[in-house]
2 protein chains.
Amino acid sequence: MASNAIPSETQRAKLERKERVILDAARAIFVDHGFDGARMQEIARRAGIGEGTVYSYYESKAELMLAVLQQFWDGLTLEAEGVMASVEATDLFARLEALARYHLNTVIVNADFINLTFALRRNNSEVSVSRDHLRHYVAVFDRLFLRGQDRGELRADAVLWQARDIFYGSLEYSARSIETTMEADRSTREQLPVVDEMVALFRAHYGATGNPVIVDEVGLATRLDKLAAQIDTLSRCLPRP
Amino acid sequence: MASNAIPSETQRAKLERKERVILDAARAIFVDHGFDGARMQEIARRAGIGEGTVYSYYESKAELMLAVLQQFWDGLTLEAEGVMASVEATDLFARLEALARYHLNTVIVNADFINLTFALRRNNSEVSVSRDHLRHYVAVFDRLFLRGQDRGELRADAVLWQARDIFYGSLEYSARSIETTMEADRSTREQLPVVDEMVALFRAHYGATGNPVIVDEVGLATRLDKLAAQIDTLSRCLPRP
DNA sequence: CGACAATATCGAGTGCTATTCAATTAGCCT
DNA sequence: AGGCTAATTGAATAGCACTCGATATTGTCG
């Protein structure tokens, strides 16, 4: 694969370009036909190269698929970090909500890839690599959670990996439910409640108990009603301006 | 497959017995070698029949695998129901804990089968059947949850499928974490905290508080602040009574 | 520029398996 | 027994990932 002699820069660039071409072709074919349904011949044809050439870039079909998945998850990681960066709110739960919303939407939109990722879980040897990329992806959550603990917004005795499993496990299952129950218009309709639920759950279970955050909803509602009535009364007493 | 003429009872029994023999052999081979690694020849040999005969009982390798999985999940369903029946406590959360403990342990012990189940998610056509059996399995949780709502132990406005996804999604991810982080002694050591966490979470988030309706606290607080400001303004405009 | 070396590409072959099917056997009824 | 149907078999088929010797391309040095 890699030559002993150092190839010129243009040469290396050419190889990398071809690598990308193969990867793109593979990506398209895998998404269209799944792992087993994809034929190496078709991938090669789509990439515009011979079948054997593919094997001088990737050892096997499984490894090719793995490369596709790595590219995919790396992209997701960048996007997730971007989402976190773009949320100006410093409130932990607002950021958690943004992450949950992004993740849920991503999992639904890219269901093909998610399924492919888990389909590869058959071959033991290559799973580990894929798992590294998952780890990298979920690190976004980890950072958020740890910072929340540092700031005292979250219970200090909460266990990170358990919270992480709850977060991503629930969202993945929810995504599947949403997919199957509502085929069409899965873009925004029924997702919001799921995310709200998740955030509320984290607030209720992981939120620091001693926190100044409002807890008594009924009290709030009562106060709200009283205020509304007050305003009503006041408004009527006002002279026309 | 099924004959038009009604075979004698012994004949039917014989066929069913052979079906079971094939299923058992397939189960063993699939667990040992995974889906791709399993060879139909070996399954046939283990069942003590010719290779072609398998195909007069099951259309294809995938369908054979599916039958194995169905048998597996049906067994789990029975076991889960047994667990529920054996818990004498009527307390909802005690029963929930028993179910969680059973499920987590099962998922860890039978990780092979769980992975095989999801590995089949490649072939679209056959997924549905598998999904029915999953539905049947999770119905145990559904009944528990609905009864909890009926009795007022759980919030009435909780959405069943969301709670279900949180329950099983979290447990599956936790199981995977437990598997990978602690190879040995995954029997009892680190499982308990996960289950406790899950039950505590359900208690905190889904347990009926005294109030009938839960509202979005942040939204309420915002409205409250706005109203207060409004009142302030209005008050200043008012003539002294 | 031309020849040689190194490297990249190709696609027809190889090997491995799921699946089929024509031939054979076993079961059952009169 | 003999004939009929259904079950069984395993050798043949077919499809696909992967290999490998032949060929083309690129790079280098005189």
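Protein chains get the first letters and strands the later ones, always in sequence-line order, with residue 1 at the start of each.
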Self-check item: DNA chain C contacts made by residues 18-26 of chain A, counting heavy atoms under 4.0 Å
Solution: A:Lys18
Residues two or more places apart in sequence or in another chain: which of them pass salt bridge (charged side-chain N to carboxylate O under 4.0 Å, His left out) with [X]?
| X | answer |
| --- | --- |
| B:Asp112 | none |
| B:Glu51 | none |
| B:Asp142 | B:Arg164 |
| A:Arg143 | A:Glu81 |

Quick test: give all pairs of protein nitrogen or oxygen and nucleotides 18-21 of chain D nitrogen or oxygen below 3.5 Å, distance rounded to 0.1 Å.
unit_1, atom_1, unit_2, atom_2, d
D:dC18, OP2, A:Tyr55, OH, 3.3
D:dC18, OP2, A:Lys61, N, 2.7
D:dC18, N4, A:Glu51, OE2, 3.2

Taking only residues two or more places apart in sequence, or in another chain, which ones meet [X] in a side-chain contact (heavy atoms from CB on, under 4.5 Å)?
| X | answer |
| --- | --- |
| A:Arg147 | A:Arg95, A:Leu144, A:Arg151 |
| B:Ala28 | B:Arg46 |
| A:Ala26 | A:Phe30, A:Ile43, A:Leu64, A:Val68 |

Rounded to the nearest 0.5 Å, what separation is found between the [atom1] atom of [X] and the [atom2] atom of [Y]?
| X | Y | atom1 | atom2 | result |
| --- | --- | --- | --- | --- |
| A:Ile49 | A:Ile22 | CD1 | CD1 | 3.5 Å |
| B:Lys61 | B:Arg39 | NZ | CZ | 9.5 Å |
| A:Glu179 | A:Arg176 | CD | CZ | 8.0 Å |
| A:Ile166 | A:Phe141 | CD1 | CZ | 8.5 Å |

Quiz item: If only side-chain N and O atoms of B:Tyr57 are considered, is one of them under 4.0 Å from the OP1 or OP2 phosphate oxygen of D:dT8?
Solution: yes
Practice problem: Indicate whether OP1 or OP2 belonging to C:dC10 is found under 4.0 Å from a side-chain N or O atom of A:Thr53. | Solution: yes
What is the distance, to the nearest angstrom, from the [atom1] atom on [X] to the [atom2] atom on [N]?
| X | N | atom1 | atom2 | value |
| --- | --- | --- | --- | --- |
| A:Glu63 | D:dA17 | CD | P | 16 Å |
| B:Ile49 | C:dT19 | CD1 | C1' | 15 Å |
| B:Leu64 | C:dT17 | CG | P | 17 Å |
| B:Gln41 | D:dA11 | CD | C1' | 11 Å |
| A:Arg45 | C:dG11 | CZ | P | 12 Å |
| A:Phe35 | D:dC16 | CZ | P | 14 Å |
| B:Asp36 | D:dA17 | CG | P | 12 Å |

Practice problem: Select base, sugar-phosphate, or nothing to describe what A:Ala44 touches, counting heavy atoms under 4.0 Å on all strands. | Solution: nothing
Self-check item: From CA spacing to verdict: side-chain contact (heavy atoms from CB on, under 4.5 Å), A:Leu116, A:Phe72
Solution: CA-CA 11 Å; A:Leu116 286 181; A:Phe72 169 72; over 6 Å; no
List every contact pair, protein side and nucleotides 23-25 of chain D side both N or O, where the distance is under 3.5 Å.
none

Practice problem: Could you tell me if the ring centre of B:Tyr173 sits under 6.0 Å from that of A:Tyr168? | Solution: no
Quiz item: According to the side-chain hydrogen bond (donor to acceptor under 3.5 Å, both in side chains) rule, which pairs have a member within residues 193-204 of chain B, sequence neighbours left out?
Solution: A:His205-B:Glu197, A:Tyr206-B:Glu197
Quiz item: To 10°, what angle do the rotation axes through the five end pairs on each side of the helix from C:dC1-D:dG30 to C:dT30-D:dA1 form?
Solution: 10°
